Amino acid sequence: MSSLLETQKKFLSSPKYAVVGASKDQSKYGTKVLKWYQARSKDVTPVHPKEDELEGLKTVRAISDLSAPTETSISIITPPKVTLGILEQAKALDVPALWLQPGAENEAVVSYVKENGLEDRVIYGGPCILVEGDGIIRSLH
């Protein structure tokens with residue numbers, strides 16, 4: 001099993017990113033995470049079931065609509081019930097890495113991660129990309 005830092009480095013080494021949970025509400029963490037990627041010139045796609053565009057970026061309806069899910073790290077900022085469904089899709093799509101922002105998981109989500117052997121692909125349990133992301137990016141160079 002890889003360490004949290006190794007998983008975070010793998011996550012931030014991807015050529016593409018997606019954010020599930022961004023919205024038109026600027027005060028919400030999903031939107032803050034989306035803007036974090038934009039501010040660092042990352043190739044990021046917002047995933048939203050209804051909106052066509054967020055922060056000037058074209059959205060996709062589901063992670064299965066991403067152009068290259070096997071090359072895309074996904075940030076998840078959704079309620080745990082939604083998170084569980086996304087993890088199931090991500091496993092089927094062979095998404096390389098997922099970062100569950102604080103509040104996106106519950107016991108059922110953590111159990112799913114462990115029971116499906118996804119610990120080396122899923123960051124969970126508290127780390128926030130807005131707090132730790134830049135330090136991890138610096139450590140990659």
Side-chain angles (χ1 to χ4, degrees), residues 1-140:
M1 193 164 104
S2 62
S3 71
L4 173 62
L5 183 59
E6 286 169 0
T7 306
Q8 288 172 318
K9 285 180 174 182
K10 179 168 80 172
F11 182 95
L12 285 166
S13 297
S14 285
K16 297 174 181 290
Y17 299 88
V19 176
V20 183
S23 69
K24 290 198 177 293
D25 187 338
Q26 301 284 316
S27 69
K28 296 269 189 181
Y29 276 99
T31 306
K32 290 178 181 181
V33 170
L34 179 61
K35 289 175 143 186
W36 184 89
Y37 287 112
Q38 287 181 298
R40 284 146 191 85
S41 302
K42 299 291 184 189
D43 181 355
V44 64
T45 301
V47 180
H48 196 283
K50 296 185 186 90
E51 300 292 348
D52 293 325
E53 187 180 287
L54 288 171
E55 298 303 314
L57 298 171
K58 186 175 173 3
T59 63
V60 295
R61 295 286 179 240
I63 65 169
S64 57
D65 297 326
L66 291 166
S67 63
T70 59
E71 299 173 17
T72 305
S73 288
I74 301 178
S75 282
I76 301 177
I77 313 94
T78 56
K81 273 187 188 166
V82 177
T83 301
L84 196 54
I86 295 162
L87 286 176
E88 289 166 352
Q89 292 172 49
K91 182 183 177 212
L93 293 165
D94 202 25
V95 170
L98 300 106
W99 193 317
L100 309 185
Q101 285 293 115
E105 83 245 3
N106 60 10
E107 282 182 39
V109 169
V110 173
S111 293
Y112 182 85
V113 168
K114 291 178 177 175
E115 288 164 13
N116 287 276
L118 299 174
E119 293 102 328
D120 63 339
R121 281 201 256 172
V122 180
I123 299 157
Y124 64 95
C128 174
I129 196 166
L130 301 174
V131 175
E132 299 185 20
D134 286 329
I136 297 161
I137 289 172
R138 278 194 297 276
S139 76
L140 295 172

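Bear in mind the structure is a predicted one, so any value in this text is a computation, not a measurement. One-based numbering along the sequence shown.
Aromatic ring orientation, Trp99 versus Phe11: perpendicular (interplanar angle above 60°, classes split at 30° and 60°).
Interatomic distance, Leu118 CG to Asp120 CG, rounded to the nearest 0.5 Å: 7.5 Å. Separation of atoms OG (Ser139) and NZ (Lys9) is listed at 4.0 Å; rounding is to 0.5 Å. Note that NZ of Lys42 and OG of Ser73 are 10.0 Å apart. Values are rounded to the nearest 0.5 Å. If you take OG on Ser111 and CD on Glu105, they are separated by 11.5 Å, rounding to the nearest 0.5 Å. One finds the OG1 atom of Thr78 at 8.0 Å from the CG atom of Leu100 (value rounded to the nearest 0.5 Å). Atom NZ of residue Lys32 and atom SG of residue Cys128 lie 9.5 Å apart, to the nearest 0.5 angstrom.
Leu12 and Gly133 make their closest contact through CD1-O, 3.7 Å (heavy atoms, listed as atom of the first residue, atom of the second, distance). In terms of heavy-atom proximity, Pro127 sits nearest to Gln8 at CB-NE2, 3.7 Å. Residue His48 comes nearest to Ala22 through the heavy atom pair CD2-O, 3.2 Å, listed as atom of the first residue, atom of the second, then distance. Across all their heavy atoms, Thr72 and Pro96 have their closest contact at O-CD, 3.4 Å. For the residue pair Asn106 and Pro80, the shortest heavy atom distance occurs at ND2-CB, 3.2 Å. Taking each heavy atom of Ile63 and Ala90 in turn, the nearest pair found is CD1-N, 3.6 Å.
Taking Glu53 as the reference, nothing meets the salt bridge (Lys or Arg N to Asp or Glu O under 4.0 Å) condition, with sequence neighbours excluded.
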Notebook entry, point to check: Checking side chain to side chain contact (heavy atoms under 4.5 Å, CB included) for the pair Glu71/Asp43: CA distance, chi angles, key distance, verdict?
Noted result: CA-CA 11 Å; Glu71 299 173 17; Asp43 181 355; over 6 Å; no
Margin query: Assess the residue pair Val44 and Gln38 against the criterion (side chain to side chain contact (heavy atoms under 4.5 Å, CB included)); give the C-alpha distance rounded to whole Å, side-chain angles, the decisive distance to 0.1 Å, and a yes or no.
Written below: CA-CA 7 Å; Val44 64; Gln38 287 181 298; 4.2 Å; yes
Check: Does the side chain to side chain contact (heavy atoms under 4.5 Å, CB included) test come out yes or no for Val95 and Leu66, once each step is laid out?
Finding: CA-CA 10 Å; Val95 170; Leu66 291 166; 5.8 Å; no
Next item on the list: Output, in order, the C-alpha distance, side-chain angles, deciding distance and verdict of side chain to side chain contact (heavy atoms under 4.5 Å, CB included) for Leu87 and Val122.
Entry: CA-CA 9 Å; Leu87 286 176; Val122 180; 4.1 Å; yes
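The side chain to side chain contact (heavy atoms under 4.5 Å, CB included) with Leu57 is formed by just one residue from the set Leu34, Thr45, Val19; it is Leu34. Checked against Tyr124 for a side chain to side chain contact (heavy atoms under 4.5 Å, CB included), the options Val113, Leu98, Thr83, Leu4 give a single hit: Val113.
For the pair Glu132 (side chain) and Ile129 (backbone), a donor-acceptor distance under 3.5 Å is absent. Put simply, the side chain of Thr31 never gets that close to the backbone of Gln26: no donor and acceptor are under 3.5 Å apart. Looking only at distances, no side-chain donor or acceptor of Ser14 sits under 3.5 Å from a matching main-chain atom of Tyr17.
Residues Glu51 and Lys24 are paired through a salt bridge, judged by an N-O separation under 4.0 Å between the basic side chain and the carboxylate.
No side-chain donor from either of Ser23 and Asp25 sits under 3.5 Å from a side-chain acceptor of the other.
Residues in residues 59-68 take part in these side chain to side chain donor-acceptor pair (under 3.5 Å) pairs, two or more places apart or across chains: Asp52-Arg61. Sorted by first and then second residue, the pairs that involve residues 86-101 and meet salt bridge (charged side-chain N to carboxylate O under 4.0 Å, His left out), not counting sequence neighbours, are Asp94-Arg121.
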